[in-house]
There are 2 protein chains.
Amino acid sequence: MGTKILLVEDDADLGMVLKQYLESSDFEVKWYTHPKALLDDADALKNNQLAILDVMLPEMDGFTLAKTIRQQHQIPFLFLTAKGQSIDRILGLKLGADDYITKPCEPEELLLRIHNILKRQLSATPNKTVNLGAYAFNPALYQLVFNDTIIQLTEKEAELLSLFLNHNHQIVNRKDILEKLWGKDDYFLGRSLDVFMTRLRKYFQHDTRISFDSIRGIGFKIEFPE
Amino acid sequence: MGTKILLVEDDADLGMVLKQYLESSDFEVKWYTHPKALLDDADALKNNQLAILDVMLPEMDGFTLAKTIRQQHQIPFLFLTAKGQSIDRILGLKLGADDYITKPCEPEELLLRIHNILKRQLSATPNKTVNLGAYAFNPALYQLVFNDTIIQLTEKEAELLSLFLNHNHQIVNRKDILEKLWGKDDYFLGRSLDVFMTRLRKYFQHDTRISFDSIRGIGFKIEFPE
DNA sequence: CTCATCGTTAACCTTTCATTAACCTAGTCT
DNA sequence: AGACTAGGTTAATGAAAGGTTAACGATGAG
């Protein structure tokens, strides 16, 4: 499971659709219909990486929520706004939000915005590294550190590694990887992924606790030490 | 907490959003809904470094306020104007605004203007230099000093260098640079940035601790010594 | 009008890196 | 066993990104 997203949307149908769509894109979604329900749930706000708020929500609560999110939890948020709404209002909101998007919206566009925000977020916290046994990985810098030497990964290598980090101790489908990194929806013939697997294995060859074993016909089993 | 800003904006929502946004950008904001309230508060006008005024405000008071600010407190100010309004009219008021910005506005643009104004303000009090290894940089004068010789940078060179100084030891996205210095939101084709990179590299060639390595497809990794 | 400045464009060259090709090795099926 | 297929590995390839230099052209000052 991937990044956690808070969704506040009072329309039941739209909320459900968004939740499902985002989950199918490998996000973990908590959906609330009202800001109040969310504010009452103390744990809810923790450990999320993005909030999506519907501006049509009863307004004061929406504002309070936005304020809380911005001040106390410092996660980015994105507003959903209906088309007819007052321009000043929306653009005012835009000032406080990291982005906004007008309903109805293309799912692809929503995803794009989400990824942009998360990427910005990522590059704003540059020195945060993930410990991987004898290695350390800095996702923002695409750097792998081993024995005081820095290995500069390419973009695709880093993307692939990041994906694996979100699926530690799990088996990842070959197709899922291809869809995520190559966007192929049809079946994929090339061998690029295998070449990248070789490269990653070579990078991590000095720590035997790290492995990407292939499961024939399925995908790869990911193992990083805790 | 950073620089103090006076905000006069009568729309409650927009005011709140602006206040929050600016506070999140590390400014200290005093927000008044009406100029009168501000004029009545004798202490309010002291110790601020910038005022942001909504031109939609009841005109006479707004005019008086601007006059007061300019004559008695000598802090710079910035007008918010709605899109339909004539810019000429505002300029015609000869209030001596340091800048104006039309609503709706991009958050980044607002911040940029604010920083520009404060920078101009700052450059009136010069000779504050930043140490860069064997070099010294004076952002206000666009000057680089090396071995007692002064290298006069152009405006864009200095802007680019300043941007990099704010991102030491980080990877800066190519797109972010282009957006910030060239304001291109669409896809950018030109090679100006690369030319400037060459120029900066040439300036700094005598201190190997300073580097701007390119990360293909991403941007540049900035390194200055501490 | 002339000259200098400076951001931009043009042209050409080098480097990078995802992909492909080619050849292996190891499972799986009959 | 032999045939077939998925995956491993290595090297070659080619398109695109980036580096560099020179020339261009807008702007503004004298």
Side-chain angles (χ1 to χ4, degrees), chain A residues 141-144 150-164 171-184 186-206 208 210-223, chain B residues 116 139 141-144 150-164 171-184 186-206 208 210-223:
Chain A
L141 298 179
Y142 299 164
Q143 284 177 345
L144 209 54
I150 292 172
I151 304 162
Q152 182 68 52
L153 305 186
T154 71
E155 185 177 22
K156 269 249 150 62
E157 286 168 350
E159 278 177 11
L160 186 55
L161 179 54
S162 296
L163 186 147
F164 286 163
I171 290 177
V172 189
N173 266 41
R174 211 185 158 82
K175 266 188 190 155
D176 290 347
I177 302 172
L178 291 172
E179 268 177 30
K180 197 145 236 168
L181 266 79
W182 278 268
K184 305 274 177 177
D186 50 352
Y187 65 103
F188 188 70
L189 306 150
R191 309 291 312 282
S192 280
L193 174 54
D194 299 297
V195 176
F196 277 100
M197 292 310 301
T198 301
R199 288 180 188 156
L200 282 191
R201 287 187 185 115
K202 189 171 272 175
Y203 290 140
F204 287 107
Q205 66 185 322
H206 298 109
T208 52
I210 298 170
S211 64
F212 317 101
D213 293 339
S214 85
I215 313 291
R216 190 186 173 90
I218 310 290
F220 301 94
K221 196 180 65 168
I222 310 305
E223 288 296 339
Chain B
N116 277 344
L141 298 177
Y142 301 164
Q143 284 178 346
L144 206 56
I150 292 174
I151 304 162
Q152 182 64 51
L153 304 187
T154 71
E155 185 178 13
K156 268 251 150 61
E157 287 168 351
E159 278 177 14
L160 186 54
L161 179 54
S162 297
L163 175 75
F164 286 164
I171 287 181
V172 189
N173 269 58
R174 216 185 155 80
K175 268 190 190 153
D176 291 348
I177 302 172
L178 291 172
E179 268 178 30
K180 205 147 228 166
L181 265 79
W182 279 268
K184 304 274 176 178
D186 52 353
Y187 190 61
F188 189 73
L189 306 148
R191 309 290 312 279
S192 281
L193 174 55
D194 298 298
V195 176
F196 278 98
M197 291 309 300
T198 301
R199 289 178 186 161
L200 281 191
R201 287 190 184 113
K202 190 170 272 174
Y203 291 140
F204 286 107
Q205 66 186 322
H206 298 109
T208 52
I210 298 170
S211 64
F212 317 102
D213 293 339
S214 86
I215 313 290
R216 167 179 258 247
I218 311 292
F220 301 94
K221 196 179 64 167
I222 310 305
E223 288 294 341

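Sequence lines set the chain letters: A, B, ... in the order given, protein chains first and strands last, and positions in each chain run from 1. Since we're looking at a predicted model, the values are computed, not measured.
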- Message: Whole angstroms only, please: what is the CD1-P distance between B/I218 and D/dA16?
- Response: 17 Å
- Find the distance between CD (A/E159) and CD (A/E155) and round it off to the nearest 0.5 Å. 5.0 Å
- Relative orientation of the end axes in the helix from C/dC1-D/dG30 to C/dT30-D/dA1, expressed as an angle to the nearest 10° (five pairs per end): 30°
- Query: Can you check the B/M197 CE to D/dA17 P distance for me, whole Å?
  - Reply: 17 Å
- Query: Which atom pair, heavy atoms only, marks the closest approach of A/A158 to A/Y142?
  - Reply: CB-CD2, 3.5 Å
- Test item: A/Q152 side-chain N/O and A/L141 main-chain N/O as donor-acceptor pair under 3.5 Å: yes
Enumerate all atom pairs, one protein N or O and one N or O from nucleotides 24-30 of chain D, separated by less than 3.5 Å.
none

- Item | Minimum heavy-atom distance between A/K156 and A/L181, given as atom pair plus value | CE-O, 3.4 Å
- Minimal heavy-atom distance between A/W182 and A/S192, with the atoms involved, is CZ2-CB, 3.9 Å
- Can you list the steps and then say if A/D194 with A/R174 is a side-chain contact (heavy atoms from CB on, under 4.5 Å)? CA-CA 10 Å; A/D194 299 297; A/R174 211 185 158 82; 2.8 Å; yes
- Item | Minimum-distance nucleotide (side-chain atoms of B/R191 versus D/dG19, C/dA21, D/dG7) | D/dG19
- State whether A/W182 places a side-chain N or O below 4.0 Å from either non-bridging phosphate oxygen (OP1 or OP2) of C/dA18. no
- Query: Given D/dT21, is OP1 or OP2 found less than 4.0 Å from the side-chain N or O atoms of B/K202?
  - Reply: yes
- Task: Please report, rounded to the nearest Å, how far the C1' atom of C/dA18 is from the CG atom of A/L181.
- Result: 12 Å
- From CD1 of B/I177 across to P of D/dG18 the rounded distance in Å is 10 Å
- Sequence neighbours excluded, which residues qualify as ring-ring contact (aromatic ring centres under 6.0 Å, His included) partners of A/F164? A/F212
- Message: If the test is side chain to side chain contact (heavy atoms under 4.5 Å, CB included), which one of B/V195, B/L160, B/L144 qualifies with B/L200?
- Response: B/L160
Identify each atom pair where a protein N or O and an N or O of nucleotides 14-17 of chain C are less than 3.5 Å apart, giving names and distance.
{"from": "C/dT16", "atom 1": "O2", "to": "B/R216", "atom 2": "NH1", "distance (Å)": "3.4"}
{"from": "C/dT16", "atom 1": "O2", "to": "B/R216", "atom 2": "NH2", "distance (Å)": "2.9"}

- Query: Between D/dG8, D/dG18, D/dT20, which nucleotide gets closest to the side-chain atoms of B/R174?
  - Reply: D/dG18
- For the pair made of CG in B/D194 and P in C/dA11, what is the distance, rounded to whole Å? 17 Å
- Note on the structure: Residue pairs meeting side chain to side chain donor-acceptor pair (under 3.5 Å), one or both in residues 195-205 of chain A, sequence neighbours left out, come to A/E157-A/Y203
- Query: Do B/F196 and B/I177 come close enough that some side-chain heavy atom pair is under 4.5 Å?
  - Reply: no
- Using a 4.0 Å heavy-atom cut-off across all strands, classify A/T198 as base, sugar-phosphate, or nothing. base
- Task: Kindly determine whether B/L193 and B/F220 satisfy side-chain contact (heavy atoms from CB on, under 4.5 Å), including the steps that lead there.
- Result: CA-CA 11 Å; B/L193 174 55; B/F220 301 94; 4.1 Å; yes
- Message: If I take atom CD in residue B/Q152 and atom P in nucleotide C/dA4, what distance separates them, rounded to the nearest angstrom?
- Response: 18 Å
- Query: To the nearest Å, how far apart are A/L178 CG and C/dA18 P?
  - Reply: 15 Å
- What residues form a salt bridge (Lys or Arg N to Asp or Glu O under 4.0 Å) with B/D213, not counting sequence neighbours? none
- Query: Just how far, in rounded Å, is P of D/dG18 from CZ of B/F220?
  - Reply: 6 Å
